[in-house]
Amino acid sequence: MLVERALVSVYDKSGLTEFVRRLAVRGIEIVSTGGTAKLLREAGITVRDVSDLTGWPEMLGGRVKTLHPKVHGGILFRRGEAGDRAQTAEHKIAPIDLVVVNLYPFEATAAKPDLTPEDLIENIDIGGPTMVRSAAKNFESVAVVTNPADYAAVAAEISAHGEVSLATRLELARKAFALTARYDGKIATELERLSASSGSIELGLRPLLPERLHFAYARRQELRYGENPHQRAALYVPAGSAAKGLAAARQLQGKELSYNNLVDLEAALDLAIEFRRPAAVIVKHNNPCGTAEQETLAEAYVKALACDPISAYGGVMAFNRPLDAATAEEVAKLFVECIVAPGYDPAALDKFAAKKNLRLLHLPAWDSVAGEFDLELKRVSGGILVQEQDRHELAESDLKVVTRRAPTREEIEAMLFGWKVCKHVKSNAIVFARAGQTVGIGAGQMSRVDSVKIAVMKAQLPLAGSVVASDAFFPFPDGVEEAGKAGATAVIQPGGSVRDADVIAAGDRLGIAMVFCGVRHFRH
């Protein structure tokens, strides 16, 4: 289907003049509107106004420009249908073979701090999505281009053959409908900020849990496999916007990533961003098996590894500082699956170069990861569960001493550190810690006392003088008694059990300092 006429109306004008000039050289008539037409004329390209094509001027402050039978008839008519050809001839409707349209930046407008209800509504594009949908529906006859990234390929096809191939038109139609679906979803979400009161419209905050959720994701990469080799998997990112968080990390070396790699990397990253000083996090099967925060990254790694070096074998790691040579030299002694960090010194990359299968991920926008995403989603049969992310940070002022003995300064620092780690351990979670270092972790048990026993059993370092963090209250004194038997001298827990008095009494009997923080951190 030869391209003889193109309708061009875009907000994002990047790369447009070069693209349209290549069309004009082929003798293709260019029809355009408003600012787009002005830009093309200034570039020396002959343009026909849409109002000349339709015989009607722009109306209603620009709201009505392309909503006309001579536009949509030209786009929608089926070239192979005799009836369509007869009607378009009768009404002097010229065919439009190529539609180049992108939309008002509704999402960017909605994010403005000084936004008004009028701004929000007026930036809802009507004519653009309508033309895009018309052209995409009639892809057998019409090519629709909605992304400047496609200009070069489309221009190349037209230059070579005078037309856009059917396969390309189909792919462009898929992209077009994905664009309008995403666009309408954003509008529906943002309209939940509006309320009608006393005959006027008011704009409020975006609800954390909206009435409707609209997801538009594009496949970024296929993964080696899912949780198991017989399961297929892929990574998807929000369509139409730049990837963020772990999904934006650039892989510098190593094998393809698997589903489990990314799940574990996310767990490690989520914990690493909790710390301000240099920190190292080692994760195995979605649980931390060692974490430390020290004055240098190398010290942090060595102390994190000391917690459970057996489990660390074949694990994944996250560092909250660029990896230096000294740290890399220590890490290179261990078999590691993946590492994510905000950077790598050249000397560190040299240390890892011989480990061809080690996956190194570079995440430069480290500071933007925390708080980037507000919701967590989990599938259940027939639906999804949605919750706010657990971003609670505990302050020393939140601690309430409940035992006769108050914790020392050193114990308080160790408890605050252990509490950060405990939040990221699967429930029931128990963490033995010193200031800046985990020394024993018990995860994912059905009873809390068993988590304590496992943490003690797995500990490779002395537990005497350590503190214990528990993600939820101790329902019985036995967990505290086991911790005390292992050498723990202080406990941080939420409190709130009907047997709190018995648990506190056990602490007093053992000389353990105990604080309640009033916050639970279940992690399922």
Side-chain angles (χ1 to χ4, degrees), residues 3-24 26 28-77 93-109 122-139 141-152 154-155 158 164 169 172-173 175-184 186-187 240:
V3 177
E4 297 179 345
R5 185 170 293 103
L7 174 57
V8 184
S9 180
V10 298
Y11 184 89
D12 178 1
K13 297 176 177 59
S14 55
L16 184 69
T17 54
E18 180 184 351
F19 174 54
V20 175
R21 186 172 283 113
R22 293 180 69 180
L23 302 180
R26 294 280 308 184
I28 296 170
E29 181 181 50
I30 308 300
V31 181
S32 190
T33 64
T36 305
K38 181 175 183 291
L39 174 71
L40 296 176
R41 287 194 177 103
E42 288 173 350
I45 299 170
T46 301
V47 175
R48 183 182 182 186
D49 287 322
V50 165
S51 58
D52 179 56
L53 180 76
T54 63
W56 284 82
E58 292 186 12
M59 300 174 64
L60 308 182
R63 282 188 168 196
V64 178
K65 291 183 284 192
T66 57
L67 298 171
H68 193 280
K70 287 200 173 181
V71 172
H72 290 277
I75 296 172
L76 280 166
F77 99 80
I93 294 175
I96 296 172
D97 311 301
L98 175 64
V99 172
V100 183
V101 170
N102 55 56
L103 311 179
Y104 296 160
F106 178 81
E107 190 173 358
T109 298
E122 284 307 311
N123 275 275
I124 297 174
D125 197 335
I126 300 300
T130 307
M131 287 188 290
V132 166
R133 289 174 57 83
S134 293
K137 176 176 179 174
N138 201 25
F139 71 88
S141 300
V142 178
V144 56
V145 184
T146 58
N147 190 332
D150 291 317
Y151 289 168
V154 170
I158 294 173
V164 181
R169 295 199 302 270
L172 291 170
K175 291 181 179 180
F177 278 120
L179 171 68
T180 58
R182 182 173 73 248
Y183 193 75
D184 286 341
K186 292 291 184 184
I187 293 169

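Because the structure is a prediction, the values reported are computed rather than measured.
- Shortest non-hydrogen contact noted between Gly74 and Ile93 is N-CG2, 3.3 Å.
- The two residues Ile45 and Ala24 make their nearest non-hydrogen contact at CG2-CB, 4.3 Å.
- Between the side chains of Ser51 and Asp49, no donor-acceptor pair is found at a separation under 3.5 Å.
- Here the closest heavy-atom approach between residue Ala176 and residue Val132 is recorded as CB-CG1, 3.5 Å.
- A donor-acceptor contact shorter than 3.5 Å links the side chain of Tyr183 to the backbone of Asp125.
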Working for salt bridge (charged side-chain N to carboxylate O under 4.0 Å, His left out), residues Glu18 and Arg22: CA-CA 6 Å; Glu18 180 184 351; Arg22 293 180 69 180; 5.2 Å; no
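- Two residues are said to be in side-chain contact when any heavy atoms from C-beta on lie closer than 4.5 Å; Ile158 and Arg26 meet this criterion.
- Looking at Thr17 and Leu40, their side chains come closer than 4.5 Å, going by heavy atoms from C-beta outward.
- Between Leu172 and Val154, some side-chain heavy-atom pair lies under the 4.5 Å cut-off.
- The shortest side-chain heavy-atom distance between Leu23 and Val3 does not fall under the 4.5 Å cut-off.
- A side-chain donor-acceptor contact under 3.5 Å links Asn138 to the backbone of Phe77.
- Of the inter-residue distances, the one linking His72 atom NE2 with Lys137 atom NZ reads 12.5 Å to the nearest 0.5 angstrom.
- Here the OG atom belonging to Ser141 is positioned 12.0 Å from the CD1 atom belonging to Ile75, to the nearest 0.5 angstrom.
- The backbone N or O of Val164 lies less than 3.5 Å from a partner atom in the side chain of Arg169, making a donor-acceptor pair.
- Between Ile124 and Phe106 there is a side-chain heavy-atom pair separated by less than 4.5 Å.
- The heavy-atom pair separating Ser32 from Ala37 by the smallest distance is OG-N, 3.3 Å.
- By the side-chain contact (heavy atoms from CB on, under 4.5 Å) test, Arg5 is found to be paired with Glu29, Val31, Ala94, Pro95, Ile96, Asp97, residues two or more places apart in sequence or in another chain being considered.
- Proximity of Lys175 to Asn147: side-chain heavy atoms (C-beta onward) are nowhere separated by under 4.5 Å.
- Here CD of Glu4 is found 12.5 Å from CG of Leu98. Values are rounded to the nearest 0.5 Å.
- In this structure, the side-chain contact (heavy atoms from CB on, under 4.5 Å) partners of Leu179, at least two apart in sequence or on a different chain, are Leu103, Thr146, Arg182.
- Side-chain atoms of Asp150 never come within 3.5 Å of backbone atoms of Val145 as a donor-acceptor pair (strictly under, hydrogens ignored).
- Between the side chain of Thr36 and the backbone N or O of Val10, at least one donor-acceptor pair lies under 3.5 Å.
- Every residue two or more places apart in sequence or in another chain that forms a ring-ring contact (aromatic ring centres under 6.0 Å, His included) with Tyr151 is listed here: Phe19.
- Checking side-chain atoms of Asn102 against main-chain N and O of Tyr11 turns up a donor-acceptor pair under 3.5 Å.
- Here the closest heavy-atom approach between residue Asp12 and residue Pro148 is recorded as OD2-CG, 3.7 Å.
- Other residues, nucleotides and ligands place more than 12 heavy atoms under 6.0 Å from the NZ atom of Lys13.
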